[in-house]
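Letters A, B, ... are given to chains in the order of the sequence lines, protein chains preceding strands, and every chain is numbered from 1. Just so it is clear, the values below take in all heavy atoms, side chains as well, and ignore hydrogens, waters and symmetry mates.
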Protein chains: 2
Amino acid sequence: MQAEDPTNEINFCQACSVRNRAICADLDDHEIALLNKIGRRRRLAPGETLLWEGDEAVFVANVVSGVLKLSTQKSDGREQILGLAYPSDFLGRPFGEVSPYSVEALSESIVCVFQRSDFERFAEEHGRLEHKLLERTLGELDRTRRWMLLLGRMNAEEKLATLLLEIASRTVLATCENTGWKVPDEFELPMSRQQIADILGLTIETVSRQFTKFREEGLIEMRGRRDVTIRKRDALEMLAA
Amino acid sequence: MQAEDPTNEINFCQACSVRNRAICADLDDHEIALLNKIGRRRRLAPGETLLWEGDEAVFVANVVSGVLKLSTQKSDGREQILGLAYPSDFLGRPFGEVSPYSVEALSESIVCVFQRSDFERFAEEHGRLEHKLLERTLGELDRTRRWMLLLGRMNAEEKLATLLLEIASRTVLATCENTGWKVPDEFELPMSRQQIADILGLTIETVSRQFTKFREEGLIEMRGRRDVTIRKRDALEMLAA
DNA sequence: CGTTACGTTGAAGTATTTCAACACTCGTGG
DNA sequence: CCACGAGTGTTGAAATACTTCAACGTAACG
């Protein structure tokens, strides 16, 4: 425990597994201590919601572990998942009144939560944090825009291939940051078929059929419903390209 | 028509029509003068490209007048338009090496261009600018995510209704900022049918048929191919909701 | 061990695409 | 001024990808 800790409380940030990847990465010990004081950790069960679309945007957060989904709904209930949040990702809408989307945990997750007002005050006083947030937001915008190509111009086969590759690479980055950079071909889907459908803009049946087709063609192998092994990465990449 | 000579010390920013809405809004006179020195104005003809997807990201820019499109392509040539840029919008990818999308003028446009490196240096020294850029980027991310709902979960009818309302409101904001806030129902489409298709993730034929249907149903009226008058705003809003 | 949620499969229906032909608009040159 | 042609937009008919509806499996859980 640092001698400088002005609060005498436990400094979670010091031991935080995403300390070097999240937006807090560039902060010095003193700043971290301050940030630690305004944040707190929160555990979310699968299915638990952190933010509701349309509600006042009270929280922002960093993902420490787990996977969460960002989603929005049409008035008639049709849902569209806007993105997934992995460890070190930032959640919430600073400098905005209402949350433009809902955030729900897909797997058991831990997040590092701040009152939006506290966070905004801290950010405005600490340019480095704001800069990190800007870089991350720009990156997220790029990622989101790439997803528009998928939603607007790909067919079901291409969509699922793209998603599987994306999940594979994100899973690695999130888990094995230290084990060298080999992207393993085995991973667990953090979401149900319905949720996959809501990500890809398809129906559950179409997704299911596509899984079956990939299995029959030997592109993937599955043990249970959620354990995927990529068998022909090249072929998937061809489809996704 | 070449851009005016940047060395002649004229301060374009002073008289800039988007001075109070673009990211430069919060800067003081001194800062504006500095920014003025590193930027220059450039006129773009319809169809002219400012940035190419995949190329080194050399420029960033503010839109002064006109409408531009951001787009990306699949390897086989299928195009998806990622967004439109109206006056006061920011273009380009600061803090990134390559441009993740192409930027092309739809109408005759004027942009205020900066070398990315110059702009980044300026931004890091002037927190207020960076803050404005962050707010704008967060807003753009929200807008982009809302568009995902359209691409993933709406049918052709709903898509076109949404686009028409969006263009109407954006056109107003861009043109009549001072004429009170009445949203006029008459506007000009700044893009071709093919481009509309590329925005909505449809084919040109489907777009055309949908226009015809809206005309037959009296929801809109058209004079020529690009002059739209909204006749039943309620009905369009029902579809878009 | 049955109940319930989740996933798969089949058959029919539908929205959108694809292919093909035709119409309009606009600028150019005869 | 009209004819021409290219680009752009519209319409129809056929093909198809995806959805919808419905039934049936399978895994998960008390």
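- Counting to the nearest Å, the P atom of D:dG12 and the NZ atom of B:K213 are 15 Å from each other.
- In this structure, the side chain of B:R223 does not engage the main chain of B:T229 through any donor-acceptor pair within 3.5 Å.
- Between the CD atom of A:Q195 and the P atom of C:dA5 there is a distance of 16 Å, given to the nearest Å.
- Under 4.0 Å is where a charged nitrogen must lie from a carboxylate oxygen, and between A:R170 and A:D89 at least one such pair does.
- For A:F211 and C:dC6, the CZ to C1' distance is 13 Å, given to the nearest whole Å.
- A donor-acceptor pair is defined here as one N or O able to donate and one able to accept, closer than 3.5 Å; such a pair exists between the side chain of B:Q80 and the backbone of B:D198.
- Contact annotation for A:R226: no contact, since no heavy-atom pair falls under 4.0 Å across all strands.
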Per-nt protein contacts along nucleotides 14-30 of chain D (heavy atom under 4.0 Å; B base, S backbone sugar-phosphate only, - none) come out as ----SBBB----BS---
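- The stretch residues 71-83 of chain B has no heavy atom under 4.0 angstrom from DNA chain C at all.
- A distance-only check finds a donor-acceptor pair linking the side chain of B:S75 to the backbone of A:A241 [under 3.5 Å].
- The CE-C1' distance, from A:M222 to C:dT8, rounds to 12 Å in whole Å.
- Using a 4.5 Å heavy-atom threshold, the side chains of B:E216 and B:T212 count as touching.
- Between the B:R145 side chain and the A:L82 main chain, no donor and acceptor come within less than 3.5 Å of each other.
- Applying the side-chain hydrogen bond (donor to acceptor under 3.5 Å, both in side chains) rule to pairs touching residues 47-66 of chain A yields A:E53-A:T72, sequence neighbours excluded.
- The CZ-C1' distance, from A:F214 to C:dT8, rounds to 16 Å in whole Å.
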Verify side chain to side chain contact (heavy atoms under 4.5 Å, CB included) between A:W147 and B:T144, making sure each step is shown before the conclusion.
CA-CA 10 Å; A:W147 214 248; B:T144 303; over 6 Å; no
